[in-house]
Amino acid sequence: QVQLVESGGGLVQPGGSLRLSCAASGAPLDYYAMGWFRQAPGKEREVIACISSGGIPNYAESVKGRFTISRDTYKNTVYLEISSLKPEDTAVYSCATVRQGVYRSWCARTPDDYVYWGQGTQVTVSS
């Protein structure tokens, strides 16, 4: 079965950086699209970025420039690097995946398009 495990969250000062990891088992990245989402208290879940089974990234307009999604197919792990962190980046960050076939160039950016979810990792940006 598919399992996703996020790690790398924590307390970070404004202006700092983080790299979140999402280790996937049962979901070879060459066949699955992966997405990163976040949900702040009292707000709806929002997409940050996704990466297709062909390794093509796609970002939400609101986060372009500070967030970078990448993957390591040998480790079957997807990463989200965040720079210049702001207090408003405080949220639970979750990864999700859906099978889409081999080497696709597109990936969905809405939560409803994803089937499997990790448990999330808390990111708190505060001084």
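- To the nearest 0.5 Å, the span separating CD1 on I82 from OG on S17 amounts to 9.0 Å.
- Take R109 and apply the salt bridge (charged side-chain N to carboxylate O under 4.0 Å, His left out) test, not counting sequence neighbours, and it matches no residue.
- In this structure, the separation between OG1 on T77 and CD on E6 is 11.5 Å, given to the nearest 0.5 Å.
- Scored by the ring-ring contact (aromatic ring centres under 6.0 Å, His included) test, Y32 finds no partners at all (sequence neighbours excluded).
- Distance check, rounded to the nearest 0.5 Å: SG of C50 to CH2 of W36 gives 13.5 Å.
- In this structure, T121 OG1 and L80 CG are separated by 11.0 Å, a value rounded to the nearest 0.5 Å.
- The side-chain hydrogen bond (donor to acceptor under 3.5 Å, both in side chains) pairs that include a residue from residues 38-48 are R38-E46, R38-D89, R38-Y93, where partners are two or more places apart or lie in different chains.
- Residue pairs meeting the disulfide bond (SG atoms under 2.5 Å apart) criterion with at least one partner in residues 1-49, sequence neighbours excluded, are C22-C95.
- By the side chain to side chain contact (heavy atoms under 4.5 Å, CB included) test, T73 is found to be paired with L29, D30, R71, residues two or more places apart in sequence or in another chain being considered.
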Please tabulate, for the side chains in residues 100-107, all donor-acceptor contacts under 3.5 angstrom to protein atoms that are two or more places apart in sequence or on a different chain.
{"from": "Q100", "atom 1": "OE1", "to": "S53", "atom 2": "N", "distance (Å)": "2.7"}
{"from": "Q100", "atom 1": "OE1", "to": "S53", "atom 2": "OG", "distance (Å)": "3.3"}
{"from": "Q100", "atom 1": "NE2", "to": "W106", "atom 2": "O", "distance (Å)": "3.0"}
{"from": "R104", "atom 1": "NH1", "to": "Q100", "atom 2": "O", "distance (Å)": "2.9"}

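- Residues forming a side chain to side chain donor-acceptor pair (under 3.5 Å) with T110 (at least two apart in sequence, or on another chain): D113.
- Residues satisfying the side chain to side chain contact (heavy atoms under 4.5 Å, CB included) test with S70, not counting sequence neighbours, are Y79.
- Looking at residues two or more places apart in sequence or on another chain, you find a side chain to side chain donor-acceptor pair (under 3.5 Å) between E61 and K64.
- Annotation: the span from S52 atom OG to M34 atom CE amounts to 12.0 Å, rounded to 0.5 Å.
- Scanning for side chain to side chain donor-acceptor pair (under 3.5 Å) contacts around T124 gives Q122, with sequence neighbours left out.
- Note that OG of S94 is 9.0 Å distant from CD1 of I48, once rounded to the nearest 0.5 Å.
- For Y116, there are no ring-ring contact (aromatic ring centres under 6.0 Å, His included) partners two or more places apart in sequence or in a different chain.
- The side chain to side chain donor-acceptor pair (under 3.5 Å) search around Q3 returns none, not counting sequence neighbours.
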